[in-house]
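Just so you know, these numbers use all the heavy atoms, side chains as well, and skip hydrogens, waters and symmetry mates. Counting begins at 1 with the first residue of the sequence. For ligands, and for the atoms within them, numbers begin at 1 and follow the listed sequence.
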Amino acid sequence: METKLWHPFANMAEVKEHPFVVDRAEGVWVYDRDGKRYLDGTAGLWYCNVGHGRSEIVEAVAGQMRKLDTYFTFHDYSNEPAERLAARLSALAPMDDAKIFFTSGGGESIDTAAKLARLYWARRGEPERVHILSRRGSYHGTNGFGTGIAGIEANRDGFGPVLADATRVDRDDPEDLRAAIERIGAGKVAAFFAEPVQGAGGAWAPRPGYLEAVADICAETGVLFVADSVIGGFGRLGDWFGVERWGLRPDLITFAKGVTSGYLPLGGVAVSARVADVFWQAPGHAFPHGPTYSGHPSVAAAALANLDILEREELPARSRQMEKLLHEALLAVGEHAAVTEVRGGTGLLGAVRLAPEALPDKSVIHRVARSVREHGLIVRVLGGDSLVVSPPLTITDEELDFLRASMTAGIEAALS
Ligand SMILES: Cc1ncc(COP(=O)(O)O)c(C=O)c1O
């Protein structure tokens, strides 16, 4: 029967007859309705850092729902789980006295950070600082600002002008950022948004020195440096906020996904004292912005339990160890003649890129991904020519071996 469910990023003409229904999940495995298991090679959409089926999170949420199911945090309203979570994230964030603004996901966090950056400048008496810079190839979600600053062209195409004051700069060359700021005029630039490792663009680690250099350029020109750690946070890049391994101290950090391992939808922005003080120090200013579910107590309970697991099992450190092994596994897949490039080694994510000769038309890469799935591994097609993986941080050596074998077998079966 034809589905009524409209799938994001899908051509429903192709998907409507045969959606791939996931029925249950445990650890790194998900199961279809026939009970066949698949390794969740993508941790859902880069979020299931602690793996599936953690009853500790389920119990925490159920307990919170019985006590205070839901309430808002607008005006002076608050609740204990949201307070505790904000305090805990503030202590972990690599910035002075971080304040935490909660949202329901990554895209809302990008909108929040962009509006906050602009309002910061307006309240500081520089209302012309509205321009937002981002990197080519970047993905910042599909809300208004995220669409407007998207570095993946296809995600802006056809929507008309979304954000006039947005400029994209080269992915790897810090001098291109400097040139853009000089061209536009620092007095007109509010912020520079950057994913430390570009995820949806296809798993691209930064060139050595790039992030440090752009952070310096932002500091020199006063432009706010916003790290988009929606994918990179909570262990994916081996630390808490996805920037510490480069010694970065951004002005704002957007997060989501791994903060609850996706068990419930949560995002947020960590805001440094530089920005927050304008709003928090007397006489202060209100921020007329806020999603209904900002600081939702049951969602915060899920995050607190998830953080307990990440800390107790030292999963950020484990991710650092496993990133090398994942890279080696992908390099082994890369021995297949159809693979031209392997990306990985910076965080527990990576990609294999298939050669143009192996992809005579656009549909072939999707056929390859389906074949890999038939061989028991869920991967995503990103960048039009790459299979991308980002497994749960709990993945074991044996499961990595399964990942390597299924990927190789799936590619071989589809292309032979
Ligand atoms: C780097 C980055 N920023 C923002 C987002 C948007 O997050 P959401 O899909 O929760 O709105 C994503 C989603 O994948 C992302 O990868």
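Closer than 4.0 angstrom to ligand 1 sit non-hydrogen atoms from G105, G106, G107, Y139, H140, G141, E195, D228, V230, I231, K257.
E80 has a carboxylate O that lies under 4.0 Å from a charged side-chain N of R84, or vice versa, which qualifies the two as a salt bridge.
Of the candidates R343, R353, R380, S386 forms a side-chain hydrogen bond (donor to acceptor under 3.5 Å, both in side chains) with just one, namely R343.
Looking at D228 and T254, their side chains do bring a donor and an acceptor atom within 3.5 Å of each other. Looking at S78 and E83, their side chains do bring a donor and an acceptor atom within 3.5 Å of each other. With hydrogens and angles left out, the side-chain atoms of T167 and H131 include a donor and acceptor closer than 3.5 Å. Between the side chains of T396 and E399, at least one donor-acceptor pair of N or O atoms lies under 3.5 Å.
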